[in-house]
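These notes are about the structure you will find just below.
Residue numbers start at 1 and run along the sequence shown.
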Amino acid sequence: MLEQAVDDYIVFLTVEKGASQNTIEAYSNDVRKLTQYLSDEKINNWREVDSYTIRGYLAFMQAEQITNTTRARNVAALKSFFRFLYVEKYTENNLGELLDVPRKEKVLPKYLTMEEVERLLEAPNIMTPNGCRDKAMLELLYASGLRVSELITLRLNDISFEMAYVRCFGKGSKERIIPLGSYALDALAHYIEVCRPKVANNWQTDTLFLNKNGKGLTRQGFWKLIKKYGREAAITADITPHVLRHSFATHLLSGGADLRAIQEMLGHADIATTQIYTHLLGEQMLDVYNAAHPRAKKTE
C-alpha cells in the first residue's frame, strides 16, 4: 500500500507536473525515506499516519546532520506528496498542512574570477579529440550559463551558428534560447567539424557531446572532467559545473547586464533567485570603493 502510492506519485511528477529528472530523483528519495521510517514503525497504510506519526518523523529528521537547505527540500517534497495522497484519496486529510518549511540558509554562490576562467578555458589540449570536445563544453558553459544536465542532453541542431544561439530545455521542459559569443561558436564549430566525427564511430546519434565510445556523456563524467581541468589550471577553489554557471551570471551582472535578461538566460522562474547575484556584486563594489575612494577610510 505504501509503495504503490509512491509509485503513483512519481508518475504524477513525471507525466502531469513535468518535473525535471533532478526533482523527481530528489523528491522520490525523500518520500522513500518516509516510507522506510513508517515500515520500521510497523505502519503499512497511509490512513494510519496521523499528526503523532508526522511529529515523530520530524524528530527523526532533526536528529540527522543535514543542512537547513536539505531539510527544507525534504519538507517541500513531503508537502507535495501529502497533497497528492489527499487528492487521490489515499488519506482523509492533507497531512502536509502540519509541516512548516524551515528557513533556508542564505549561501552566496561561489564563482571564479575572470582570470581563473581564462586559465580553465585554456586547460584542455585541443589537439586531442577529447580535449577539443572539453574545450567546446567549457566555452559553451561559460558563454551560456547552462546547467550540466542541460549541457549533456544537447543535440546537434540545438546550436545555431547562423543565428549565434543555443537552445535548451530546462526545468519543467521549458525551452529557452541563449545567445553565444564568437569564442564558444568557434570552439563548437571546430569540435563538430573536426573532432566529433572521430568518436562518433558510425553511431546514429544526434547527441552533441560524445565520450570516447561514441555515446553521450554523463553528469558524473563531466564533473570529473571539470575537476581535472581545475587542478591543471591551478584553481584552488572547489570547482563544479555550477561554479561556471555562477561565474557566467556574476560576470554579466558586473559588466552591466540587465537582471531580467540574466534571469531569462539562466531559466529562473523567479527573479528573486537571480537577485542573489546582486549580493555578490555588492561585495565587489564595497571592496572597490574602500580601495579606491580617497575618503573611504580615515588615515591614522
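The closest side-chain heavy-atom distance from I54 to V49 is below 4.5 Å. No side-chain heavy atom of Y57 sits less than 4.5 Å from a side-chain heavy atom of L99. Put simply, the side chain of F81 reaches to within 4.5 Å of the side chain of V6, judged on heavy atoms. The side-chain heavy atoms of L95 and T53, taken from C-beta on, include no pair separated by under 4.5 Å. Within the 4.5 Å cutoff, the side chain of T153 has no heavy atoms near those of the D158 side chain. For the pair V148 and M137, the minimum side-chain heavy-atom distance is 4.5 Å or more.
The side-chain hydrogen bond (donor to acceptor under 3.5 Å, both in side chains) analysis of residues 80-89, with sequence neighbours excluded, yields the pairs Y9-S80.
In the model, H251 has no side-chain atom that pairs as donor or acceptor with a side-chain atom of Y111 under 3.5 Å. When only modelled atom types and interatomic distance are considered, N125 and T128 share no side-chain donor-acceptor pair under 3.5 Å. There is a side-chain donor-acceptor pair under 3.5 Å between T23 and S20.
Taking the ring axis of Y52 as reference, the NZ or CZ atom of R55 stays within 45° of it and closer than 6.0 Å to the ring centre.
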Query raised in the report: Where do F209 and F222 land on the ring pair (Phe, Tyr, Trp, His ring centres under 6.0 Å) test, with the steps shown first?
Result: CA-CA 10 Å; F209 294 114; F222 183 76; 8.5 Å; no

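By the 30° and 60° cut-offs, the orientation of the rings of F60 relative to Y37 is tilted.
A salt bridge is absent between R119 and E115; no separation between the charged side-chain nitrogens and carboxylate oxygens falls under 4.0 Å. Taking 4.0 Å as the cut-off between side-chain N and carboxylate O, R219 and E25 count as a salt-bridged pair.
Cluster membership check: L266 shares its hydrophobic cluster with I271, using side-chain heavy-atom separations under 4.5 Å among Ile, Leu, Val, Met, Phe, Trp and Tyr.
With sequence neighbours excluded, the residues satisfying salt bridge (charged side-chain N to carboxylate O under 4.0 Å, His left out) with E232 are K228.
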